[in-house]
Amino acid sequence: MLDLRWIRENVEYVRRKMAERGVDVGLDEFLEKDALRRSLLQEVEALKHRRNELTRQIGRLKQTGQDPTDLLQENQRISARIEELDARVAELDAWVEAWLLRVPNIPHESVPVGPDASHNIEVRRWGEIPSFAFPVRDHVDLGRFLGILDLERAAKIAAARFPLFKGRGARLVRALAQFMLDLHIREHGYQEVWVPYLVNRTTMTGTGQLPKFEADLYAVPSDDLFLIPTAEVPVTNLFREETLSESELPIRLVCWSPCFRREAGAYGQESKGLIRQHQFDKVELVHITTPERSYDDLEVLTHHAEAVLQRLGIPYRVMLLCTGDMGFAAAKTYDIEAWLPSQQRWLEVSSCSNCGDFQARRMGLRYRPAGGGKARYAHTLNGSGLAIGRTIVVLLENYQQADGSVLIPPALRPYLDGLEYLTPGA
RNA sequence: GGAGAGGUGUCCGAGCGGUCGAAGGAGCACGGCUGGAAACCGUGUACCCGCCGCAAGGCGGGUCGUGGGUUCAAAUCCCACCCUCUCCGCCA
């Protein structure tokens, strides 16, 4: 959420930045409502001031045994008017609050301007795109051939687009998670957390999923809870409504969790097999840091995510997203895209964002600066390190052999009892 | 699910319906002391909103889990809800 007063003082800047994102937030209606709200507020506050005076005088009169009738009458009159005005102000307050919650973050100055993904900028590339001397199979074929994937039965017990891993496939999910967690904990200094997968409305609002994207979420109406679409939600909200001390920062947390997304209306090649599922595991990285270092931390976090692909030896590129392609809460985002041989294209396996103080303001997450003084909003960052379902997709495809078996990269073998190849059966 | 206790500032913790934005302590900041530090002494230290001001700041409104209610007046009384703890029940 943006700061109300800051918007008022930077209307044209906000207008331009929202246009760069390609969204119309209805700034003019906001300005109108806001102005009306403030003028009513001044009126009602003056009346409340008078009422407070009267209250004090009435108390004094009563204590000295005098008759307060006149003052009581004025008080009654004023109170009726206050009630009226209060109701109107409350209505406008609610409108402004609701409006604020639906305005996306302001893109950082270093973010390229553009309407869609075609304007994203490739900032670096790692690894060799593999060439195959045989017809390439996609991960669905490979999974079926190896007997590790059974999407038909998953659909039977749940619905289309739910995953089911069997045998070595199930083991692979666990191995990848363990491998990623160990890397981030041992070498990148993260603390692991294990969190609730259902969260409440306030939590979803804190990170920005609500109120605008309720339709994307699985909900449990009987308890007004929602299934998390990413561990970013519970993990970033860990310190909601808290004031941390600067000496505690940066906080770096890693969390392995399932993610649940409704993904309504996404079909076709783009979302084949495991590429777009209603449920997938992900190892998520979250930083809570200071405004001074958050953009440096975004580079650090992105490199932490890249390290996973480097260890696995999977080629990737890092894309700086343009204004039109960024998520709601992000001020700046790098996507990491791994090579997808079956479609001869890049597939997003991680998205690393600096949300600045956007989420922190929504959730009241502050820190007290080292030199003392007023509490300030922290900056929050998050990134996948990595999405496990898609990592399996690119792992299977990049490491496939002519006979349909799949080579296991050495870094992963310790997590699979030294297994070198995935082969049919077992 | 049932019974009881409780939710107050960065934290802990007091608080006869008006004199309470709130005692006291810790922490933190600044100053003193010191070669430097610890200890010690002094001072300061909640948040949100509006108005005025270049600013420092000033004035006003509001906030003691949340939302209602009683009252001229509520942190203090009443109701509902949420959360935490203890006990009972159920249970992986």
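Protein chains get the first letters and strands the later ones, always in sequence-line order, with residue 1 at the start of each.
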Completion exercise
Applying the Watson-Crick and G-U criteria (both distances under 3.5 angstrom) with [ ] for crossing and | for other-strand pairs, one obtains for RNA chain B ((((((((.[[[..)..(.....]]]((((((.......))))))(((((((....))))))).[[[[[..)....]]]]])))))))....
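As rounded to the nearest Å, G6(B) and G58(B) have P atoms that lie 40 Å from one another. Taking atom P on both nucleotides, G7(B) is separated from C12(B) by 12 Å, rounded to a whole Å. If you take atom P in U63(B) and the same atom in A74(B), they sit 8 Å apart, rounded to whole Å.
The phosphate of C28(B) (OP1 or OP2) has no side-chain N or O of K374(A) nearer than 4.0 angstrom.
Base contact: T55(A) has a heavy atom under 4.0 Å from a base atom.
Heavy atoms from other residues, nucleotides or ligands lying under 6.0 Å from CG of D24(A) number 12 at most. Counted within 6.0 Å of CD on Q76(A), heavy atoms from surrounding residues, nucleotides or ligands total 12 or fewer; the atom is thus considered open.
Under the 6.0 Å distance and 45° angle rule, R137(A) counts as a cation-pi partner of F145(A).
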Exercise for the section: Any chance you could lay out the side chain to side chain donor-acceptor pair (under 3.5 Å) test for Y190(A) and H304(A), step after step, and finish with the verdict? Expected result: CA-CA 10 Å; Y190(A) 286 74; H304(A) 288 162; 2.8 Å; yes
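F226(A) and Y218(A) have their aromatic ring centers separated by at least 6.0 angstrom. Between F358(A) and F328(A), the gap from one ring centroid to the other is short of 6.0 Å. For H278(A) and F260(A), the distance between ring centers is not under 6.0 angstrom.
Using a 4.0 Å cut-off between a side-chain N of Lys or Arg and a carboxylate O of Asp or Glu, K166(A) and D150(A) qualify as a salt bridge. Electrostatic pairing of R171(A) and D417(A) counts as a salt bridge here, judged by a charged N lying under 4.0 Å from a carboxylate O.
Contacts with RNA chain B (heavy atom under 4.0 Å) in residues 31-41 of chain A: R37(A), R38(A), L41(A), listed by number.
Nearest-nucleotide assignment on RNA chain B puts the 5′-proximal partner with R60(A), out of A375(A) and R60(A). Taking for each of G59(A) and R8(A) the nucleotide of RNA chain B with the nearest heavy atom, the 5'-most of the two is the partner of G59(A).
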Find every protein N or O atom lying less than 3.5 Å from an N or O atom of nucleotides 59-66 of chain B, and list the pairs.
residue: G60(B); atom: O3'; partner: H49(A); partner atom: ND1; Å: 2.8
residue: G60(B); atom: N2; partner: E45(A); partner atom: OE1; Å: 3.0
residue: G60(B); atom: N2; partner: E45(A); partner atom: OE2; Å: 3.4
residue: G61(B); atom: OP1; partner: H49(A); partner atom: ND1; Å: 3.0
residue: G61(B); atom: OP1; partner: N52(A); partner atom: ND2; Å: 2.9
residue: G62(B); atom: OP2; partner: N52(A); partner atom: ND2; Å: 3.0

